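Worksheet: one structure, shown below.
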Amino acid sequence: MGVRANSRPGTRQSVTGLRRALAVGALGVLGAVTAFAAASGPADAAASTLGAAAAQSGRYFGTAIAAGKLGDSAYTTIANREFNMVTAENEMKIDATEPNRGQFNFTNADRIYNWAVQNGKQVRGHTLAWHSQQPGWMQSLSGSSLRQAMIDHINGVMAHYKGKIAYWDVVNEAFDDSNGGRRNSNLQQTGNDWIEVAFRTARAADPAAKLCYNDYNIDNWTWAKTQGVYNMVKDFKSRGVPIDCVGLQSHFNSGSPYNSNYRTTISSFAALGVDVAITELDIQGASATTYANVVNDCLAVSRCVGITTWGVRDSDSWRSGDTPLLFDGNGNKKAAYTSVLNALNAAPSVSPSPSPSQSPSQSPSQSPSQSPSQSPSQSPSQSPSQTPSGACSATIATISSWPGGFQSEVTVRAGSAPVNGWTVKWTWPGGQSFSSLWSGTQTVSGSNVTVRNADYNGSIAAGGSTTFGFTANGTAATPAITCTSP
Ligand code: 9MR
């Protein structure tokens, strides 16, 4: 269901229609992000909520939601009324979703997801790969096992929400605060390519989701950290690494204040061919002027797609002492709320039209920021094999199972010589079928399965191993499997 191209935003009736269309889109195809075309002048009637006001120019206005507050009706009343995009403040993070290796828990994440969808909102996923809020088991890993755990985590979480998340913060806060280089984290120590591996994994896991890099202190265009992230995104775009958006967290305070070059930052990232989102906005003291400046800077750049405040009321903020949000602790609208609403209402409205490219059923190559040559499915599935390859062997293990489905991991081992490219085969014994597979490329013919290496894990050192994983429908099975190497 798309948004009617001829609906006229700007009137109360058409804004309602747009909101209804957004709600239907969210309930039906959650990957759907409505696209808008043809600017048609300022809105002719003011919208009365942040979400409706932002929707007039094709943008969203979101908030972070905490699962523990969904029973607070004062909180949910404001959140439901004002916002049309939701980010889980903590519940989709690594420690929450994979507390034990290979055991995923989506209880609280789903509470937020379901609340959002049932109320017609879209969801930003936050976050898949991050040095912080790692569960203990992940903190204790390093090297290739940590790299594999990161890949498995991305696949496990994205499989659960496949086709349902508008934007995923794939990688969070990977840059150093001062020198413009990478943050020295356990993930960074797995190799400088960990960020692009995360993005490639994410694209393959859910081709419908827009994939974002998210960070703080990348708001000021002159800061080294901003330039470092800018250069990474530029490099990714030039090499076809799948990235669709950059999230500016925008936690503004005296140490990291709003600067008038913020608009330059937004437009510069957008000029690289990515969407820009303001993902965690809060402003110490909540100056109405500064809030309006932020909104106007976003509105000035067509690819600035939306704004999320990091909480609803001041009392919900991680920095509650800074009173940085749009509602006070009693749920009253602050002066900053009015300035944000007015700024949104003053934006030129646009005519909505259905997005051409966001259905989950469409292939990755149809994603707006990817040319077909950048599709992960078209990556070479085998490493170059000029060097003679040694023999390989493989074993399969069930990680977890549930009624009607299961998750397995296959370990591919090299013998006494290095392996350069591998192919694993088996036959399903009882009608099983893949629902998603990661760190490999699959070919299925009837019950016969062939999995070849992905472009980054074909080379296995002598005596070494790598793994790939999958979720499947049917009864858990551990069929006999073979491994061949060219
Ligand atoms: O708001 C979140 C707070 O409740 C958590 O204790 C904290 C733990 O790291 O994370 C906060 O959210 C952060 C977000 O996930 C990433 N950017 C910075 C946010 C504020 O710390």
Side-chain angles (χ1 to χ4, degrees), residues 62-70 72 75 79 83 85-99 108-109 111-113 116 123-136 138-139 150 153-154 157 161 165 167-177 182-183 185-188 195 198 211-220 223 225-226 228-229 245-258 265 276-286 294 306-327 329:
T63 185
I65 291 286
K69 293 179 179 162
L70 288 175
D72 174 349
Y75 175 83
F83 303 98
M85 180 69 80
V86 162
T87 307
E89 186 172 1
N90 290 296
E91 293 79 354
M92 291 193 188
K93 292 174 179 174
I94 314 171
D95 57 353
T97 51
E98 196 177 357
N108 285 322
R111 288 181 66 202
I112 293 179
Y113 174 82
V123 177
R124 294 191 86 262
H126 174 79
T127 178
L128 296 167
W130 190 20
H131 68 278
S132 184
Q133 284 181 269
Q134 292 182 357
M138 185 177 273
Q139 291 175 36
M150 176 192 83
H153 180 78
I154 292 170
V157 176
Y161 290 112
I165 300 287
Y167 298 88
W168 261 115
D169 289 334
V170 177
V171 172
N172 198 40
E173 301 176 359
F175 274 70
D176 182 81
D177 280 336
R182 298 285 184 85
R183 177 191 297 276
S185 69
N186 61 348
L187 288 164
Q188 182 63 27
I195 298 180
L211 308 180
C212 307
Y213 176 80
N214 190 54
D215 214 330
Y216 63 88
N217 286 359
I218 58 168
D219 317 292
N220 186 320
W223 286 16
K225 186 173 178 181
T226 310
V229 173
C245 36
V246 171
L248 310 181
Q249 293 184 8
S250 305
H251 295 291
F252 291 120
N253 55 44
S254 53
S256 178
Y258 168 83
T265 304
V276 179
I278 299 169
T279 52
E280 303 181 15
L281 179 63
D282 48 25
I283 303 174
Q284 184 178 39
V294 168
I307 299 171
T308 296
T309 54
W310 204 239
V312 178
R313 304 161 299 194
D314 285 336
S315 50
D316 304 315
S317 169
W318 70 300
R319 285 175 166 168
S320 55
D322 286 354
T323 58
L325 294 173
L326 300 178
F327 296 87

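The figures here come from the full heavy-atom set of this structure, side chains too, leaving out hydrogens, waters and symmetry mates. Bear in mind that the values here come from a model prediction, so they are computed numbers and not experimental data. We're numbering straight along the sequence, starting at 1. Both ligands and their constituent atoms are indexed starting at 1 by order of listing.
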Enumerate the atoms of ligand 1 whose separation from the nearest heavy atom of Gln133 is less than 4.0 angstrom.
7 (C), 8 (C), 9 (O), 10 (O)
Less than 4.5 Å apart, side chain to side chain, heavy atoms only: is that true for Asn90 and Gln133?
yes
Run the salt-bridge test on Arg313 and Asp72 with the 4.0 Å N-O cut-off and return the result as yes or no.
yes
Checking contacts here: is it the side chain or the backbone of Asn90 that comes within 4.0 Å of ligand 1, counting heavy atoms only? Could be both or neither.
side chain
Any side-chain heavy-atom pair from Asn172 and His126 closer than 4.5 angstrom?
yes
For ligand 1, which is the ligand I care about here, please tell me if Glu89 has any N or O atom under 3.5 Å from one of the ligand's N or O atoms.
yes
Distance under 4.0 Å to a non-hydrogen atom of Gln249: what atoms of ligand 1 satisfy this?
16 (C), 17 (N), 18 (C)
Proximity to ligand 1 by part of Asn172, non-hydrogen separation under 4.0 Å
side chain
Atom 17 (N) of ligand 1: of Glu280, Met92, Lys93, the nearest heavy atom sits on Glu280
Applying side-chain hydrogen bond (donor to acceptor under 3.5 Å, both in side chains) between Ser250 and each of Thr309, Asp219, Thr308, Thr265, report the one that passes.
Asp219
Just jot down the ligand 1 atoms closer than 4.0 angstrom to any heavy atom of His251, in number order.
18 (C), 19 (C)
Can you tell me if Glu173 and His131 form a side-chain donor-acceptor pair at under 3.5 Å?
no
Closest non-hydrogen atoms of Val294 and Tyr258, given as atom of the first, atom of the second and distance, are CG2-CD1, 3.8 Å
Does at least one non-hydrogen atom of Arg319 fall below 4.0 angstrom from an atom of ligand 1?
no
Can you tell me how the ring of Tyr161 sits relative to the ring of Tyr113, calling it parallel under 30°, perpendicular over 60° and tilted otherwise?
tilted
Applying a 4.0 Å heavy-atom criterion (strictly less than), which segment of Trp310 is in contact with ligand 1: side chain, backbone, both, or neither?
side chain
